[in-house]
Amino acid sequence: MHTYSVALIPGDGIGVDVVEAALEPLRAVADKRGFQISTTAFDWSCERYEVTGSMMPEDGLEQLRPHDAILLGAVGWPARVPDNVSLHGLLLPIRKGFDLYVNMRPHRLLPGITGPLRKSEFDILCIRENTEGEYSGAGGRVHVGDSSEVAVETAIFTRKSVERILRYGFEQARTRSGRLASVTKSNAQQYSMVFWDDVTRELAAEYPDVEVTSYHVDAIAARMITHPETLDVVVASNLFGDILTDIGAAIQGGLGFAASANINPLGGVPSMFEPVHGSAPDIAGKGLANPIATIWAAAQMLEHLGEKVAADDLISAISRVTATAERLTPDCGGRGTTVSVARDIANAL
Ligand code: NAD
Ligand code: IPM
Ligand code: MN
């Protein structure tokens with residue numbers, strides 16, 4: 001029987017609640033399909049930071065490297081550790097360190113979930129650049145606290161990274177409806193974003209079967225709400241993708257549903273799977289967190305590991321449970337708990 005080794009990083013707040021809960025359906029589907037998941041839990045978190053002064057050990061990436069995949073909950077506890085410290089100490093170094101350059105986020109309504117829009121027919125796959133752009137980390141502050149203070153944060157766009165993320169988008173579009181939306185803000189940002197549009201056009205010539213539309217990010221933000229059914233694969237830079245996928249989460253019924261796969265398609269390192277949402281300190285530890293985003297991310301993980309049938313099983317089980325709304329968590333108007341929803345999904349398998 002094949003065993004997959006999964007590194008668990010529950011992290012902070014509801015990250016702990018949802019990862020713990022997601023293990024039950026994950027183990028159940030592994031049983032059903034004849035493979036095993038062996039887990040190693042890492043306590044890397046803001047709590048660890050308060051005790052040791054760092055979010056993860058110095059050799060953290062080396063400890064993760066031998067695993068087949070990483071399942072992460074959420075990172076951040078802003079009342080105790082500044083968000084820039086916690087995120088630059090754990091989540092972002094994993095994305096960048098393993099060059100997990102594709103951040104894939106599906107947005108569609110599950111059965112029984114109506115969402116806030118009048119429309120129900122949409123199926124958007126956001127492909128977010130995950131290693132550079134506005135998140136490059138290049139910059140600094142001088143004259144801190146002075147009236148002459150200056151802060152600079154430089155977005156970096158390289159041909160290598162822009163081309164590989166767009167190419168990934170074109171390939172995905174080919175396997176879906178054949179439509180690709182490329183997102184920029186090239187009316188205002190005349191270097192990086194015009195460059196992105198140029199690379200989009202170059203690649204479009206290689207993919208004559210894909211219908212490409214370039215949108216400005218402000219326009220596509222509105223379109224995701226007014227005409228989401230006109231979009232399929234959406235490729236965006238790191239920051240634009242971050243913001244658009246919270247809109248995607250909102251239209252699919254809330255952050256409790258939005259899943260995220262951080263992938264290095266070249267392999268050789270563990271890819272990382274996580275919900276889009278954060279640690280939600282307002283509801284942490286209360287059994288109120290919707291575990292579905294994390295269980296959906298676990299399904300993305302199984303698909304990535306080559307267990308497509310098990311991944312489909314998990315999505316079907318989630319769908320059977322969402323069809324009966326009163327059993328869901330309070331964010332969907334239900335009376336279920338984090339654990340009861342995850343157990344229902346495990347039972348639906
Ligand atoms: P958040 O996603 O944690 O919460 C936003 C709102 O959505 C809150 O009202 C919360 O209760 C609700 N919510 C989120 N997930 C939910 C779920 N599964 N079920 C039900 N309700 C849910 O965003 P925030 O408040 O901006 O950030 C809180 C902390 O999380 C910060 O430290 C932030 O930096 C961090 N964060 C981390 C990640 C990550 O680790 N990937 C992502 C986003 C934010
Ligand atoms: C996300 C989060 C992170 C991001 C934060 C916590 C750094 O918002 O995964 O969407 O901006 O990438
Ligand atoms: Mn985000």
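Excluded from the calculations below are hydrogen atoms, water molecules and symmetry mates; all remaining heavy atoms, backbone and side chain alike, are included. First listed ligand is number 1; within each ligand, the first listed atom is number 1.
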Exercise. Does D246 bring an N, O or S atom to under 2.8 Å of the Mn ion (ligand 3)?
Worked result: no
Exercise. Do any heavy atoms of H88 fall under 4.0 Å from ligand 2?
Worked result: no
Exercise. Got an N/O contact under 3.5 Å between E274 and ligand 2?
Worked result: no
Exercise. For ligand 1, is there an N or O atom under 3.5 Å from any N or O atom of R95?
Worked result: no
Exercise. Got a salt bridge between R343 and E24, using NZ or NE/NH1/NH2 to carboxylate O under 4.0 Å?
Worked result: yes
Exercise. So which bit of D331 gets within less than 4.0 Å of ligand 1, heavy atoms only: side chain, backbone, both or neither?
Worked result: side chain
Exercise. What residue and atom, counting heavy atoms only, is the protein's closest point to atom 8 (C) of ligand 1, and at what distance?
Worked result: D282 OD2, 3.5 Å
For this session: Heavy-atom distances under 4.0 Å are what count here, so tell me which part of L87 touches ligand 1: side chain, backbone, both or neither.
Result: side chain
For this session: Give yes or no for whether the N/O distance cutoff of 3.5 Å, strictly under, is met between G278 and ligand 1.
Result: yes
For this session: Output yes when a side-chain donor or acceptor of N262 lies under 3.5 Å from a complementary backbone atom of R95, and no otherwise.
Result: no
Problem set entry | Any donor-acceptor N or O pair under 3.5 Å, side chains R327, S340 | no
Exercise. Among all protein non-hydrogen atoms, which one is nearest to atom 32 (O) of ligand 1, and what is the separation to 0.1 Å?
Worked result: D83 OD1, 2.6 Å
Exercise. For atom 12 (C) of ligand 1, which protein heavy atom lies nearest, and how many Å away is it?
Worked result: A280 CB, 4.5 Å
Exercise. Does A293 reach ligand 1, in the sense of a heavy atom lying below 4.0 Å from it?
Worked result: no
Exercise. Within the structure, does V75 bring an N/O atom to less than 3.5 angstrom of an N/O atom in ligand 1?
Worked result: yes
Problem set entry | Proximal heteroatom of D242 relative to the Mn ion (ligand 3) (N/O/S) | OD1
Exercise. If Ile, Leu, Val, Met, Phe, Trp and Tyr residues are connected whenever their side-chain heavy atoms lie under 4.5 Å apart, and connections chain through other members, are V18 and V6 in the same group?
Worked result: no
